[in-house]
Amino acid sequence: KLQSSISDPMTSPPPQLRSQVIALYKNLLYMGRDYPKGYAYFRDRLKSVFLKNSGVKDPDQIKVLIGRGEFVIKELEALYMLRKYRALKHRYYEKDEATTSATTSSSDKEAPTKTQ
Amino acid sequence: TAAPTNILSALGTIAPHRCYGHGVEMTRHMLNERVLLVLRLFDKINPDKLTLESQFAKDLGLDSLDHVELIMAVEDEFGFEIPDQDAERLRSPEDIVQYLCDKLDVFD
């Protein structure tokens, strides 16, 4: 929707969608700076996902994809808040066996799943 | 004062300044150097092909997503945000330097 839409004047989606996509990409890059697995890893995966969807021309479909991107941003925010909470808890509180076993079972998730 | 500008051109990214004091004296030459340094450090750009006039999309083979990242690097270097509609007009290092000159009131 980025490169292909510029070259094709007939069926290209409205330009404000394009600027929304660029703004989304920029926001995701800013979020990716704190990513636990590293900025480069995040950036490469993000770019490949965007490039994979770059052929989409239908405006509704594009809006759905933008919505997905914004969901990923929310997930990242939640991930970072959780990490901060855990870091502080680890620093200032004694380890309690009951709560540790209860909270570390399912969540050693590292990444919100980026589907598509 | 000659000494501070020499240190700046050697270190590139450190721009010492006091709040409310006069900012660093910027010249067009210094802006050229800083922008080219930032671009050379960008991993998607081949430093051998980089000149002031080289176009990002045509000569250096960057796509629009790389362009976004590149503008972010310039924003980080100079400490202010560049809005997306201005950013999409910046298609070569020369455009970037000219834009910075306009924003930072550098006249030479």
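First the proteins, then the strands, lettered A, B, ... as listed; each starts at 1.
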Point to revise | Approximate separation, where rounding is to 0.5 Å, of A:Lys26 NZ and B:Ile82 CD1 | key: 7.0 Å

Check your understanding: Is it the case that more than 12 heavy atoms not belonging to B:Phe80 sit under 6.0 Å from its CZ atom?
Key -> yes

Review point. How long is the span from the CG atom in A:Leu29 to the CD1 atom in B:Ile71, to the nearest 0.5 Å?
Key: 12.5 Å

Review point. Does a sphere of radius 6.0 Å around CD in B:Gln85 hold more than 12 heavy atoms from other residues, nucleotides or ligands, not counting ones at 6.0 Å or beyond?
Key: no

Point to revise | Residues that B:Glu69 engages under side chain to side chain donor-acceptor pair (under 3.5 Å), provided they are two or more places apart | key: A:Tyr39, A:Arg43

Review point. Would A:Tyr30 end up clustered with A:Val72 when hydrophobic side chains under 4.5 Å apart are linked, directly or stepwise?
Key: yes

Practice item. Locate the shortest heavy-atom distance separating A:Tyr25 from B:Leu65; write the atom from each residue and the value. Key: CE2-O, 3.4 Å

Review point. Is any side-chain heavy atom of A:Ile22 less than 4.5 Å from a side-chain heavy atom of B:Glu88?
Key: no

